[in-house]
> 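Structure below; questions to follow.
Only a predicted model underlies this, so the values are computations on that prediction, with no experimental measurement involved.
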Amino acid sequence: MKIHCFRLQEKGLLQLTEERPTASWLEDGIVRLLDVDYPDVTKDLRELLSPLNLEGALLDKIESQADGVCVETFLNALFLRYPRPAIHDFKDLYISMICVRETLIILHNGMPLPLEQIFARIDRFGGIGTTAITDLLLHILLLVINRDIELYQQTRQSIGELSNNFDQCLNTEVLNDIQNLTNQVSRLQSTTEDRLIFLGGLLTLKSPLLELHDVRLYFKEAMNELMQMQRWLERLEGRLQGLSQYYNLSLQNSTNNRLQVLTVISAIFMPLTLIAGIYGMNFTNMPELQMHYGYFIILGFMVLLGGGLGIFFYVRGWFH
């Protein structure tokens, strides 16, 4: 289990410390971020959080590792479950967060976001601006949304490149690319829906642990961005469906062309096979078999017949 603890300084900057949860955290008024990376939920996690006097029902909820977003209040804590960035393919699709007084605890299996990215975002804004835990939560949630927007832009670019080079690379790899991009779009759609549900629950939340009055506008703007991205994703899904249909149509046309060529070849050889079958019969009285040049005459006739049929079908465009 990896643990990182940060203090929020006066200017809204995070400072790494060696602290671990104690009962004094509930009284000293210092805003902290506790990042806990645990491979499995064990009793070590309970022992780590025990000084914060969390309810047993809250700890049981963490251990259940249920899927789906969650915004739930407890006696002295707030439990949140938020989707990970869709750009990562994690077994555990959600990040659990606990708000306790002035402490934000993030629980996850595998780093959902590099800490340096959180620091870089906060530094870029000249700090969080306040020392409120709500602003710290806001920056983390917006950073996750930005990662999904990056994945959307990458997916849109990949679909554009696939569309431009579609006719030059019609093979099984194209079908695999379409399937992979469809999976990416589907994953983005799922996480976007979950984020909208989460933010909707957060905006209707009434809890003394989170003062949402000053940041409510930012959360609403984030929801507007997510709803816009939903429309963009529907467009990408439509483009991928069009590419898939075009691929199937091209594959069908290619198969039809092959069958047409085989049909023409069969049509050419059918009369030749008939002639060969007639003169291959073992009857005693077949006058043509006694002709001195009979073999060469029939062979020449078959060549002329086959060539004539080939030219006829070529002129009619059956080989195109």
> Inspect the surroundings of OH in Y218 and state if more than 12 heavy atoms from other residues, nucleotides or ligands are less than 6.0 Å away.
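Not more than 12 within 6.0 Å, no.
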
> Could you check whether the rings of F296 and Y293 sit parallel, tilted or perpendicular, using 30° and 60° as the cut-offs?
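Taking Y293 first and then F296, their aromatic rings sit tilted (interplane angle of 30° to 60°).
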
> Can you measure from OG1 (T273) to CD1 (I278) and round to the nearest 0.5 angstrom?
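It is 11.0 Å, given to the nearest 0.5 Å.
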
> By the definition side chain to side chain contact (heavy atoms under 4.5 Å, CB included), identify the one residue from R7, R101, E102 that meets it with I30.
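Exactly one candidate clears the test, R7.
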
> Among the clusters formed by ILVMFWY side chains lying less than 4.5 Å apart, do L59 and I3 turn up in the same one?
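In one cluster with L59: I3, yes.
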
> In this structure, would L205 and L203 fall into the same cluster of hydrophobic residues linked by side-chain contacts under 4.5 Å?
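Yes; tracing contacts between hydrophobic side chains, which count when under 4.5 Å, links both residues.
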
> Could you grab the distance from atom CG of N180 to atom CG of L175, nearest 0.5 Å is fine?
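Nearest 0.5 Å value for the CG-CG distance: 9.5 Å.
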
> Against L137, only a single residue in L80, L33, L142, I106 fulfils side chain to side chain contact (heavy atoms under 4.5 Å, CB included); can you say which?
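Single side chain to side chain contact (heavy atoms under 4.5 Å, CB included) partner of L137 among L80, L33, L142, I106: L80.
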
> Would you say that Y247 contacts V174 through its side chain, given a criterion of any heavy-atom pair below 4.5 Å between the two side chains?
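Sidechains of V174 and Y247: in contact.
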
> Evaluate the side-chain proximity of L188 to Q184: yes if any heavy-atom separation is below 4.5 Å, no if none is.
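When only atoms from C-beta onward are counted, L188 and Q184 do not touch, as no gap falls below 4.5 Å.
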
> Rounded to the nearest 0.5 Å, what separates atom CG in L243 from atom CG in D177?
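So the gap between those two atoms works out to 10.5 Å.
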
> Would you say T191's side chain and R187's backbone share a donor-acceptor pair under 3.5 angstrom?
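It does hold such a pair.
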
> Are R46 and D60 ion-paired here, with the side-chain N under 4.0 Å from a carboxylate O?
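Salt bridge flag = yes for D60 with R46.
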
> Determine yes or no for a side-chain-to-main-chain donor-acceptor pair under 3.5 angstrom, with N76 supplying the side chain and N53 the backbone.
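Judged by distance alone, yes, a pair lies under 3.5 Å.
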
> How long is the span from the CG atom in L274 to the CE atom in M302, to the nearest 0.5 Å?
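These two atoms lie 9.5 Å from each other.
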
> Closest approach of F198 and C70, non-hydrogen atoms and distance?
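Nearest heavy atoms, F198 then C70: CE1-O, 3.8 Å.
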
> Determine the minimum heavy-atom distance between S163 and R239, stating which atoms define it.
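That closest heavy-atom pairing would be OG-NH2, 3.6 Å.
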
> Please report the shortest heavy-atom distance between R81 and S96, naming the atom on each side.
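Shortest heavy-atom contact: NE-OG, 4.3 Å.
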
> Tell me if a side-chain donor or acceptor on S50 pairs with a main-chain N or O of E47 at a distance below 3.5 Å.
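Yes, S50 side chain to E47 backbone: donor-acceptor pair under 3.5 Å.
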
> Would you say I140 and Y82 make side-chain contact, with heavy atoms under 4.5 Å?
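SC-SC contact between I140 and Y82 ruled out.
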
> State, yes or no, whether a side-chain contact exists between D35 and H108 at a heavy-atom distance under 4.5 Å.
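D35 reaches H108 side chain to side chain.
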
> Do other residues, nucleotides or ligands put more than 12 heavy atoms under 6.0 Å from the CZ atom of R32?
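It does: R32 CZ has more than 12 such atoms within range.
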
> Which is it for L181 and I178 under the side-chain contact (heavy atoms from CB on, under 4.5 Å) test, yes or no, and what are the steps along the way?
CA-CA 5 Å; L181 289 170; I178 293 174; 6.0 Å; no

> Using distance alone, with no hydrogens and no angle criterion, decide if N183 and Q179 have a side-chain donor and acceptor under 3.5 Å apart.
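The answer is yes; a qualifying pair exists.
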
> Among residues at least two apart in sequence or on other chains, which ones pass side-chain contact (heavy atoms from CB on, under 4.5 Å) with L299?
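Residues passing side-chain contact (heavy atoms from CB on, under 4.5 Å) with L299: Y295.
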
> Do T155 and I159 have side chains that get closer than 4.5 Å, going by heavy atoms?
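Yes, at least one pair of side-chain atoms sits under 4.5 Å.
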
> Please determine whether side-chain contact (heavy atoms from CB on, under 4.5 Å) holds for the pair V144 and R147, giving the CA-CA distance in whole Å, both sets of side-chain angles, and the decisive distance to 0.1 Å.
CA-CA 5 Å; V144 173; R147 296 299 298 275; 5.7 Å; no

> Taking the side chain as every heavy atom from C-beta outward, state whether L141 and M97 have any atom pair closer than 4.5 Å.
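L141 reaches M97 side chain to side chain.
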
> To the nearest 0.5 angstrom, please state how far the CD1 atom of I149 sits from the OG1 atom of T192.
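Answer rounded to 0.5 Å: 9.0 Å.
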
> Just verifying a value: how many Å separate T263 OG1 and R258 CZ, rounded to the nearest 0.5 Å?
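So the gap between those two atoms works out to 13.5 Å.
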
> Between side-chain atoms of residues 221-238 and protein atoms elsewhere (two or more places apart, or another chain), which donor-acceptor pairs fall under 3.5 Å?
unit_1	atom_1	unit_2	atom_2	d
N224	ND2	K220	O	3.4
Q228	OE1	R231	NH2	2.6
E237	OE1	Q189	NE2	3.3

> Can you name the nearest heavy-atom pair linking L58 to A77, along with the distance?
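The pair with the smallest heavy-atom distance is CD2-CB, 3.8 Å.
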
> Surrounding CE of M281 (heavy atoms of other residues, nucleotides or ligands, distance under 6.0 Å), is the total greater than 12?
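Atom CE in M281 is crowded, with more than 12 foreign heavy atoms closer than 6.0 Å.
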
> Main chain of L251, side chain of T255: is a donor-acceptor contact present, judged purely on distance under 3.5 Å?
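Yes; judged by distance alone, with no hydrogens or angles, the pair exists.
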
> Do the side chains of I98 and L49 get nearer than 4.5 Å, heavy atoms only?
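Yes - at least one pair of side-chain heavy atoms lies under 4.5 Å apart.
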
> Can you name the nearest heavy-atom pair linking G306 to L272, along with the distance?
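Scanning both residues completely, I find the closest heavy atoms to be N-CD2, 4.2 Å.
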
> If we only count heavy atoms from C-beta on, is the L138 to T134 side-chain gap below 4.5 Å?
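Of all side-chain heavy-atom pairs linking T134 with L138, none is under 4.5 Å.
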
> Could you tell me which non-hydrogen atom of T73 sits nearest to which non-hydrogen atom of L78, and how far apart they are?
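Result for this residue pair: CG2-CD1, 3.5 Å.
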
> Looking only at the side chains, is there a donor atom on one of D37 and H4 sitting less than 3.5 Å from an acceptor on the other?
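No pair is found: no donor N or O on one side chain lies under 3.5 Å from an acceptor on the other.
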
> Are F269 and V303 connected in the hydrophobic side-chain network, where two residues link if heavy atoms are under 4.5 Å apart?
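The answer is no; the residues belong to distinct hydrophobic clusters.
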
> Keeping E55 on the side-chain end and L75 on the backbone end, is there a donor-acceptor pair under 3.5 Å?
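Here the side-chain-to-backbone pair exists.
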
